[in-house]
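Every chain is numbered from 1 and lettered A, B, ... according to where its sequence line falls, protein lines coming before strand lines.
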2 protein chains.
Amino acid sequence: MLPFDILEYQDRLSKTKQRMAENGIEVLLITDPANMNYLSGYDAWSFYVHQMLVIIIDEAQPIWIGRYQDASGARSMTWIYDDNVIPYPDYYVQSTTYHPMEFVAQILTQIGHGNRYTGVEMDNYYFSAKAYECLKQNLPNATFKDATSLVNRVRIIKSDQEIEYMKRAAQIAELTMYKGINSIRAGVRECDTAADIYYQMVTGTEEFGGDYPSIVPLLPSGENTSTPHLTWTEKRFQEGDSVIVELAGCYKRYHVPMARTVSIGAPAENLKQITPIVVEGLNEVLQTAKPGVTCHDLEAAWRKSLRKHGIEKEARLGYSVGLNYPPDWGEHTASIRMGDTTVLQPNMTFHLIPGLWFDNYGIEISETFRVTDTGCELFTNCPRDLIINEPYNMNSSDKIS
Amino acid sequence: MLPFDILEYQDRLSKTKQRMAENGIEVLLITDPANMNYLSGYDAWSFYVHQMLVIIIDEAQPIWIGRYQDASGARSMTWIYDDNVIPYPDYYVQSTTYHPMEFVAQILTQIGHGNRYTGVEMDNYYFSAKAYECLKQNLPNATFKDATSLVNRVRIIKSDQEIEYMKRAAQIAELTMYKGINSIRAGVRECDTAADIYYQMVTGTEEFGGDYPSIVPLLPSGENTSTPHLTWTEKRFQEGDSVIVELAGCYKRYHVPMARTVSIGAPAENLKQITPIVVEGLNEVLQTAKPGVTCHDLEAAWRKSLRKHGIEKEARLGYSVGLNYPPDWGEHTASIRMGDTTVLQPNMTFHLIPGLWFDNYGIEISETFRVTDTGCELFTNCPRDLIINEPYNMNSSDKIS
């Protein structure tokens with residue numbers, strides 16, 4: 001039932017403990033659901049309540065602490081002993097009287113680990129300010145250390161099995177992108193294209209099914225393409241609109257994202273002019289990517305390419321990607337930007353998404369790649385260009401009002 | 001373009017300020033995306049980076065602070081002045097060197113509000129421990145107060161327009177539940193049913209489109225029904241399986257959730273026996289719900305009904321529901337459980353979901369209701385019973401392998 005061999009989980013745990021030792025951490029409290037999954041196999045939409053995986057440097061097994069009704073999932077889906085699954089009663093859930101971290105502190109104290117050097121993921125969505133205050137108050141003898149991204153940095157180099165899962169995610173991403181592109185015609189509502197995208201993304205292929213991606217499909221059209229993170233609306237596409245499609249295929253929580261920009265009919269002049277500049281810059285980055293270069297170097301290649309055309313771009317170009325849960329598919333480790341000194345190594349995987357947004361339009365063409373022994377290889381195969389759609393389509397005419 | 005009249009936003013703001021005053025809060029830093037949306041209209045999948053809405057008790061307009069590339073969305077989608085949209089540069093994003101809360105502290109100091117009684121949403125997904133530490137360090141003269149759920153408690157009573165949006169969400173929920181139920185047959189993969197559900201949920205109706213719900217469809221089958229928060233897999237349904245379908249229709253971020261349990265062919269004896277007990281308990285709660293009774297009273301009605309059959313249930317029965325973003329559609333205000341003294345008032349809306357989970361099976365039948373002047377009314381109309389499907393279906397025979 002586990003998606004990876006138990007030896008792989010043990011290897012991940014051992015690498016995590018090594019980093020704990022390097023950072024003087026004896027007890028690590030993991031609240032990032034992707035890190036919990038990575039080390040234990042636990043996968044459920046239960047992260048909207050407080051839960052964690054506890055790694056104790058001198059104990060063989062992690063401990064899962066979470067809500068009572070989720071404990072059976074933790075017992076059945078993970079490789080950890082049933083005895084190490086410790087549920088808290090439901091009155092701790094979203095209460096103003098009780099806090100789950102009081103329970104966690106009690107358990108840590110009871111098992112004799114309440115006074116140790118304790119790592120917490122300080123800048124994670126699932127470790128709130130209140131959770132930290134509550135732990136500090138109830139574990140007065142513990143010394144807390146920031147362990148944000150400690151496990152994420154173990155995750156940055158993928159195993160062969162993880163790459164296999166990402167290749168499946170890539171197949172889904174590609175199928176879904178084509179489905180989305182084909183759905184974009186004048187008269188079709190954004191929500192109808194989003195529905196087509198979702199269907200394909202979740203049904204997957206005949207051989208394997210899709211998982212939910214950590215970010216919903218982003219689908220701004222017309223002037224909204226000037227803003228990257230808008231989701232779909234009920235608006236109908238119009239001839240002459242451009243549409244940005246950003247989505248990911250997801251398989252067993254592993255993501256391969258991709259973005260394309262679609263023009264419905266003849267593209268506007270500004271979009272036509274910017275496209276080859278973006279593609280050239282993308283190609284430069286992909287030609288630069290290989291073991292030994294840094295994320296900083298990748299950004300420099302892009303910057304140099306764009307500068308030839310008089311364009312300066314301020315945002316980061318991409319990030320390490322793989323296993324994740326909402327609200328982000330990025331790994332929160334390496335970013336492709338100036339000053340990021342992460343050195344590329346084989347089986348690192350990045351989403352390279354150099355979006356450009358202007359006052360009333362924007363463009364996104366992205367690729368997800370794996371660093372190989374000598375360079376990089378793409379996960380998906382889709383024209384790296386502006387997509388120009390016929391504005392109307394016989395097949396979708398029934399949707400046009 | 002705004003989903004509500006500007007007067008409604010101003011009314012919400014004024015109610016928020018009143019609560020701020022009652023709690024001795026002069027500056028409120030809102031990081032919950034639903035609260036940001038509620039007060040400003042801002043709606044984008046940008047909450048995976050730090051962002052906030054600042055409410056200053058003696059200023060007419062909120063201030064939006066967020067990532068540079070998201071600022072154009074904040075300017076175009078909200079009712080607040082463009083000058084009150086303050087973007088931070090991209091090097092603050094997911095950096096180990098810079099933190100967006102340093103920027104926030106600088107802005108608050110510059111505009112003369114760095115030394116005030118400052119409310120923060122301590123137990124929110126989008127206010128990390130690190131965010132709080134960083135604010136405290138950079139605003140040494142501010143006094144921080146916990147404002148968790150302060151705005152959520154304004155949201156608990158819905159306006160008529162909000163109820164209209166929930167009615168649309170309900171139409172989508174109902175259509176989607178039927179679509180899901182019809183898709184569940186022996187031989188169909190869980191992911192294929194999830195895909196059908198997603199398609200319907202997002203395409204919505206001919207008149208209006210669907211939005212993404214804050215929780216993905218939950219679809220455990222067979223023994224997995226003993227655990228509530230499992231998402232779909234690639235497994236094929238089998239004759240004799242039961243399947244729990246929990247989903248929500250969503251319209252402009254307003255949710256109407258519902259759950260049903262489906263048996264593929266003749267139901268197992270245990271499921272057949274538990275169903276009327278759950279339905280009876282549900283009916284008792286719905287008959288009890290009216291203005292003046294408390295959430296505690298609703299739970300007592302359920303408890304009393306179940307006790308007749310020798311069953312005790314420990315989990316909460318439901319929660320206030322409406323506007324939200326991932327990872328939860330619950331409002332984090334009132335819970336239908338023992339000890340919750342929230343008094344029901346007209347236009348409060350609840351998801352009543354008394355799930356029962358046993359060792360190797362479970363049942364969920366739920367209803368979302370609105371408190372009326374004299375009782376309550378349901379949002380959806382779907383048989384409040386175990387659904388028994390024919391195991392095979394001509395229409396889906398092409399999916400059966």
From the list B/P327, B/S149, B/G362, the residue making the most non-hydrogen contacts under 4.5 Å with chain A is B/P327

Between the main-chain N or O of A/H332 and the side-chain N or O of A/N152, is there a donor-acceptor pair closer than 3.5 Å?
-> no

Among the listed options A/Y325, A/Y251, A/Y68, the residue most often paired with chain B at heavy-atom distances under 4.5 Å = A/Y251

Under a 4.5 Å heavy-atom cut-off, does chain B meet the side chain of A/R337, its backbone, both or neither?
-> side chain

Part of B/E207 within contact of chain A (heavy atom distance under 4.5 Å) = backbone

Between A/W45 and A/Y212, what is the ring plane arrangement, given parallel below 30°, perpendicular above 60°, and tilted in between?
-> tilted

For A/S72, is it the side chain, the backbone, both, or neither that has a heavy atom closer than 4.5 Å to a heavy atom of chain B?
-> both

Please determine, among B/S76, B/P228, B/A74, B/A131, the option with the most heavy-atom pairs under 4.5 Å with chain A.
-> B/P228

Which of A/T333, A/D359, A/L230, A/I215 touches chain B most, by non-hydrogen pairs under 4.5 Å | A/I215

With only heavy atoms counted, which part of B/I197 is less than 4.5 Å from chain A, the side chain, the backbone, both or neither?
-> neither

Which answer fits B/E223, side chain, backbone, both or neither, if we ask what part of it has an atom under 4.5 Å from a heavy atom of chain A?
-> neither

Given the options B/R168, B/K252, B/R253, B/D211 meets salt bridge (charged side-chain N to carboxylate O under 4.0 Å, His left out) only with B/R253

Any sub-3.5 Å donor-acceptor pair from B/Y319's side-chain atoms to A/Q94's backbone N or O?
-> no

Parallel, tilted or perpendicular, as decided by the 30° and 60° cut-offs, for the rings of B/Y198 and A/Y198 = parallel

Any idea which of A/Y126, A/W357, A/Y91, A/Y48 has the most non-hydrogen atom pairs under 4.5 angstrom with chain B?
-> A/Y48

Any cation-pi pair here, A/K235 with A/F237, using under 6.0 Å and within 45°?
-> no

Looking only at A/T97, A/N224, A/T205, the option with the highest number of non-hydrogen pairs under 4.5 Å against chain B is A/T205

Below 4.5 Å from any heavy atom of chain A, which atoms of B/S46 appear? Answer side chain, backbone, both or neither.
-> both

Give, as side chain, backbone, both or neither, the part of A/P220 having an atom under 4.5 angstrom from any heavy atom of chain B.
-> neither

A/M338 portion near chain B, given a 4.5 angstrom heavy-atom threshold = neither

Looking at CZ of A/R189 and OG of A/S183, how far apart are the two atoms once the value is rounded to the nearest 0.5 Å?
-> 11.0 Å

Donor + acceptor pair across side chains of A/D123, B/H99 (<3.5 Å) | yes

Test salt bridge (Lys or Arg N to Asp or Glu O under 4.0 Å) applied to A/D146 - qualifying residues, sequence neighbours left out = B/K130

Angle class for the B/Y98/B/Y92 ring planes (parallel below 30°, perpendicular above 60°, tilted otherwise)?
-> perpendicular

Proximal component of B/P89, with respect to chain A [non-hydrogen, under 4.5 Å] | both

Counting heavy-atom pairs under 4.5 Å with chain A, the top scorer among B/L218, B/T148, B/D340, B/T203 is B/T203

Of all of B/V93, B/T231, B/N124, B/T96, which one pairs up most often with chain A through heavy atoms under 4.5 Å apart?
-> B/V93

Below 4.5 Å from any heavy atom of chain A, which atoms of B/S214 appear? Answer side chain, backbone, both or neither.
-> backbone

Interface check, chain B: of A/G339, A/G209, A/G210, most non-hydrogen pairs under 4.5 Å belong to A/G209

Does one side chain, of B/S320 or B/E331, offer a donor that lies under 3.5 Å from an acceptor on the other?
-> yes

Keeping the roles fixed (side chain from B/Q200, backbone from B/K179), state whether a donor-acceptor pair exists under 3.5 Å.
-> no

